[in-house]
Structure formats: C-alpha cells, structure tokens
Amino acid sequence: MMTLPSTTEMYRALVERDGSFEGLFFACVRTTGIFCRPTCHARKPKPENVEFASTIQEALHRGYRPCQLCEPMSAGAAAPNWLAPLLDELKAQPDMKLRDQDLRVRGLDPVQVRRTFKRSFGMTFQAYQRACRLGVAMKALHTGSATIDAGMDAGFDSDSGFRQAFARVFGDTPGRARTRAMLTATWIESPLGPMLAIAGDDGLQLLEFVDRRALETELRELRRTLGTAIVPGEHPILQRAATQLREYFQGARREFDLPLAQHGSTFQLAAWQALREIPYGETRSYSDMARRVGSPGAVRAIGRVNGQNRLAIVVPCHRVIRSDGSLCGYGGGRWRKQWLLELEARGVRG
Ligand SMILES: [Zn+2]
C-alpha cells in the first residue's frame with residue numbers, strides 16, 4: 001500500500017542505510033534519474049534531490065531507472081542471468097511491445113518470462129513494459145518538450161527509444177504535433193501517487209493516476225475523438241487543477257471549480273453529471289445513480305459508464321459503492337477509493 005513513513009524518517013533511513021526500511025520505500029534521485037534501495041552504498045543525495053516511491057512500479061512510472069549498484073529491481077529473488085539481455089533491450093527501447101512470439105524468437109519461454117517477472121519484480125511482464133514506456137513519457141513531462149524535440153538524453157540510453165516511447169504513449173513527438181490542434185499534458189503529484197492531467201482551452205480532458213491500467217487506451221481514445229496531439233507543457237486550467245487538487249487532498253476543498261471537457265453519449269454525460277451532484281463525503285449506490293438519470297434498469301450501464309470516467313476525483317466516481325456498502329472496483333485501485341472516502345469522511349466530521 002501507499003502509506004510511506006515521513007520524509008524525515010525515510011531520509012534518515014536512507015543516510016544511515018537502515019536495513020529495516022528495506023522494501024518500505026525506494027529513493028529516487030532527481031539529479032541522476034536513478035532509484036535505489038534505502039541501503040544502497042552509493043553516495044547519498046541531498047534531501048532536496050530525493051523523492052520517495054513506495055513501489056518499484058511507482059519509481060518506474062516516475063521515469064527513474066534502477067540503480068546498478070543496489071539493484072532494486074531484484075528485490076525478491078535476484079533476476080536470473082538469462083533475463084539480463086531482455087532487460088537491457090527494454091531499457092534501450094522502452095517503447096517496445098514484446099509479445100509471446102517476440103520472446104520465442106529471442107529463445108525465451110514466455111511462460112517462464114512471466115513467472116520470473118512476477119517473482120523477481122512483483123509485477124507482470126506486461127506491467128513492467130507499460131511502466132518503462134509510461135515512465136519515459138512521463139519523464140518528458142518533467143523535462144519539457146524541447147528535450148524530446150532535440151532528442152536529448154533525458155536519462156535513457158537511447159534517444160530514439162525515448163522519442164518513440166513518448167510517441168507511443170502520447171501519439172506524436174511535440175515538434176511534429178505542433179502542426180495540429182493540441183492538448184497540454186502535465187504531471188501532478190498527489191498523496192496517492194502521481195497523476196496525469198491533460199487540458200485544452202475547452203477544459204480539463206483527463207485526470208488519472210499514472211498507474212491506471214487503461215491509461216494508454218484512454219489517451220488513444222482522446223486523440224482519436226478529438227484528432228489532436230498531446231504535448232507536455234503548462235496550461236492555466238492545469239495550474240488551477242493542480243492547486244485545487246492540493247487543497248482537496250489537504251481537506252481544504254470540497255468542490256472543484258474547473259471547466260471540464262467531457263465527450264460521450266447523452267447517457268454518459270448524464271451519468272457523469274449525476275456523479276458531480278453527489279455531495280462531498282457522501283456515497284450512492286449504483287441503483288441510486290441509475291434512478292437519478294431516469295433509467296432505473298440501467299444499473300450495469302451505470303457501472304460501465306463510471307468506469308469510463310476520465311476525470312478521477314473531480315468527477316467523483318469514487319463516491320459510488322454497492323448497495324450493501326462494499327466498495328467494489330475503482331479504476332485507480334480499490335485502496336485509493338477507500339483512501340478518498342476516508343479523507344472525505346474526516347473532512348465532513350471536521
Ligand atoms: Zn543504489
């Protein structure tokens with residue numbers, strides 16, 4: 001889960017190479033683009049140059065590479081030697097999508113690859129590939145579009161890999177994208193992990209946790225629907241969104257005041273509107289929501305449309321739970337849903 005110790009405590013553990021914090025956090029070093037175990041023997045970064053991730057996946061999503069000294073990726077069982085060429089290849093070409101057939105061509109058994117990834121890295125091979133790809137693209141959001149256009153090394157060995165990974169996630173490299181209508185993407189930190197936010201002049205188009213599985217599909221759909229390109233940068237709506245989210249997470253904001261650009265059928269739009277009408281700190285059941293939009297029989301459809309919401313938190317699909325009070329699914333993960341509902345419950349209690 002996501003509950004990290006305090007930053008002071010983690011920094012102390014990092015400097016003292018405190019083994020009892022092993023596995024509890026990973027230290028991401030901004031100046032080198034590398035992430036380490038707490039016990040790493042490398043020189044320790046200054047406090048202002050380190051950020052902390054609770055999982056390997058999160059560190060990768062933030063665009064960091066594993067340290068070669070402390071090898072944080074070989075947490076569980078050390079990654080076997082036969083896997084090394086594959087890992088190197090993925091590092092150089094983070095946009096690669098390797099399927100079973102591609103693995104066989106490399107003389108690898110797909111089943112064994114999958115099993116080993118799960119055991120060594122605590123994630124599936126697919127999740128690892130996605131994390132590498134997204135990590136590179138997200139890194140571009142930090143470093144700015146000039147970096148990508150120039151093909152400059154933003155911490156990855158291969159320039160072309162960097163550009164291609166960005167294009168794979170966002171559809172095009174910024175230079176080429178400028179000839180078309182554009183949406184602007186940025187990265188927003190939250191206590192629940194990093195979020196990707198995208199806006200155009202019409203409003204906020206997307207707000208999602210970076211590790212959401214459907215993220216790449218959502219980005220593809222967004223580009224297709226709008227015929228636009230997505231480039232990293234700043235936009236007044238994104239700045240407002242970041243400020244308001246920070247206030248929300250501090251318990252100081254209950255409603256969002258942001259222009260939203262939503263695309264969908266009449267039913268989808270009605271269902272998303274109904275979500276925005278659920279007051280802060282309250283929950284509704286799927287059947288409540290179906291009645292609310294005038295289609296009491298459409299309980300399943302409501303569930304589906306909730307899942308298609310691309311504006312996490314701002315359109316509070318986390319406030320819909322089962323009639324028996326259980327949480328059921330959430331695109332950002334059930335633990336996040338729980339966390340958000342608890343935050344709001346505390347806010348209401350004052
Ligand atoms: Zn290290």
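Counting convention: from 1, in listed order, for ligands and their atoms alike.
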Completion exercise
Sequence neighbours excluded, the answer for salt bridge (Lys or Arg N to Asp or Glu O under 4.0 Å) partners of Glu255 is none
Side chains of residues 291-307: which donor-acceptor pairs under 3.5 Å do they make with residues two or more places apart or in other chains?
{"unit_1": "Arg291", "atom_1": "NH2", "unit_2": "Asp288", "atom_2": "OD1", "d": "2.9"}
{"unit_1": "Arg292", "atom_1": "NE", "unit_2": "Glu277", "atom_2": "OE1", "d": "3.4"}
{"unit_1": "Arg292", "atom_1": "NH2", "unit_2": "Glu277", "atom_2": "OE1", "d": "2.7"}

Problem - Aromatic ring proximity, centroids under 6.0 angstrom, Phe26 and Phe52 - result: no
Practice task
Any chance you could lay out the side chain to side chain contact (heavy atoms under 4.5 Å, CB included) test for Leu245 and Ile188, step after step, and finish with the verdict?
Solution key: CA-CA 9 Å; Leu245 275 169; Ile188 296 176; 4.1 Å; yes
Handout entry: Glu218 bridged to Arg212 by N-O distance under 4.0 Å
Key = yes
Problem - Environment of the Zn ion (ligand 1) in terms of protein N/O/S atoms, cut-off under 2.8 Å - result: Cys36 SG, Cys40 SG, Cys67 SG, Cys70 SG
Exercise for the section: Report the residues that fulfil side-chain contact (heavy atoms from CB on, under 4.5 Å) with Thr225, sequence neighbours left out, ordered by chain and then residue number. Expected result: His263
